[in-house]
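All ligand and atom numbering here is 1-based and tracks the order in the structure. In this text, all values refer to a predicted model and were calculated from it rather than measured experimentally.
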Amino acid sequence: MKTNVLMVCLGNICRSPLAEGLLANKVNSEKINVDSAGTSDYHINHSPDKRSIAVAKDHKLDISHQKGRQFVVEDFDRFDYIYVMDNSNYENVVKLARTEEDQRKVELILNKIFPKENVDVPDPYYGGDQGFKNVYDMLDEATTIIAKEIS
Ligand code: 4NP
């Protein structure tokens, strides 16, 4: 049985596609499946934001094939770990949890770097390219820790 990991943000076009691509690149795809979703329906079937595609490409990572989708309650059945990018995503996902077991799967991704501090990955959507570089660096560090833990 594969381990299934889901990355979640608001739009599924900026932060969670980077988190998905970074983690997928660090694990054995025969053992670990990585996906991403947004809590909103704003960008269903859209490609990642061009600034996320660009910062990934600067690091030789191709995320251009990904397509946006919305988080659904069945994701609690399909995924073992659900990493959310910020506290607002956390609230929105946990609201849909049916059981304590569902809720236990949900964790703020930066708690991997800063345990229990509940730090957000800042939403880079309305900012400039530097915001995307910062997000990439944070997610690179967090996904290295996750990859070590689950591999
Ligand atoms: P993401 O960023 O949650 O990291 O994908 C956003 C993308 C789009 C919007 C907000 C945040 N939006 O409002 O359309």
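A side-chain donor-acceptor contact under 3.5 Å links N89 and D86.
Counting heavy atoms of neighbouring residues, nucleotides and ligands inside a 6.0 Å radius, atom CD of E100 does not exceed 12 of them. At most 12 heavy atoms of other shown residues, nucleotides or ligands fall within 6.0 angstrom of atom NZ in K148. Taking a 6.0 Å sphere around CD of Q130, one finds it holds more than 12 heavy atoms contributed by other residues, nucleotides or ligands. Within a 6.0 Å radius of NZ in K2, other residues, nucleotides and ligands contribute more than 12 heavy atoms.
Under 4.0 Å from ligand 1, the heavy atoms of H43 that appear belong solely to its side chain. Only the backbone of N12 comes within 4.0 Å of ligand 1, judged by heavy-atom distances. At a heavy-atom distance under 4.0 Å, no atom of F132 approaches ligand 1.
Atom numbering of ligand 1 starts at 1 in the shown order; those under 4.0 Å from a heavy atom of Y42 are 12 (N), 13 (O), 14 (O). Residue-ligand proximity, Y126 to ligand 1, at heavy-atom distances under 4.0 Å covers atoms 13 (O). Under a 4.0 Å criterion applied to the non-hydrogen atoms of G11, ligand 1 contributes the atoms 1 (P), 3 (O), 5 (O).
Scanning the protein for heavy atoms near atom 11 (C) of ligand 1, the closest one is D123 OD2, 3.1 Å. Annotation: atom 1 (P) of ligand 1 to nearest protein heavy atom, C9 SG, 3.5 Å.
Residues D120 and L110 have side chains not in contact (no heavy-atom distance under 4.5 Å, counting atoms from C-beta outward).
Inclusion of L10 in the set of residues having an N or O under 3.5 Å from an N or O of ligand 1 is warranted. Checked against a 3.5 angstrom limit, the closest N/O atoms of I13 and ligand 1 fall inside it. Ligand 1 has a nitrogen or oxygen under 3.5 angstrom from a nitrogen or oxygen of R15.
Using cut-offs of 30° and 60° on the angle between ring planes, the pair Y83 and Y81 is parallel.
Only one option out of F76, Y90, F79 pairs with F71 in a ring pair (Phe, Tyr, Trp, His ring centres under 6.0 Å); it is F76.
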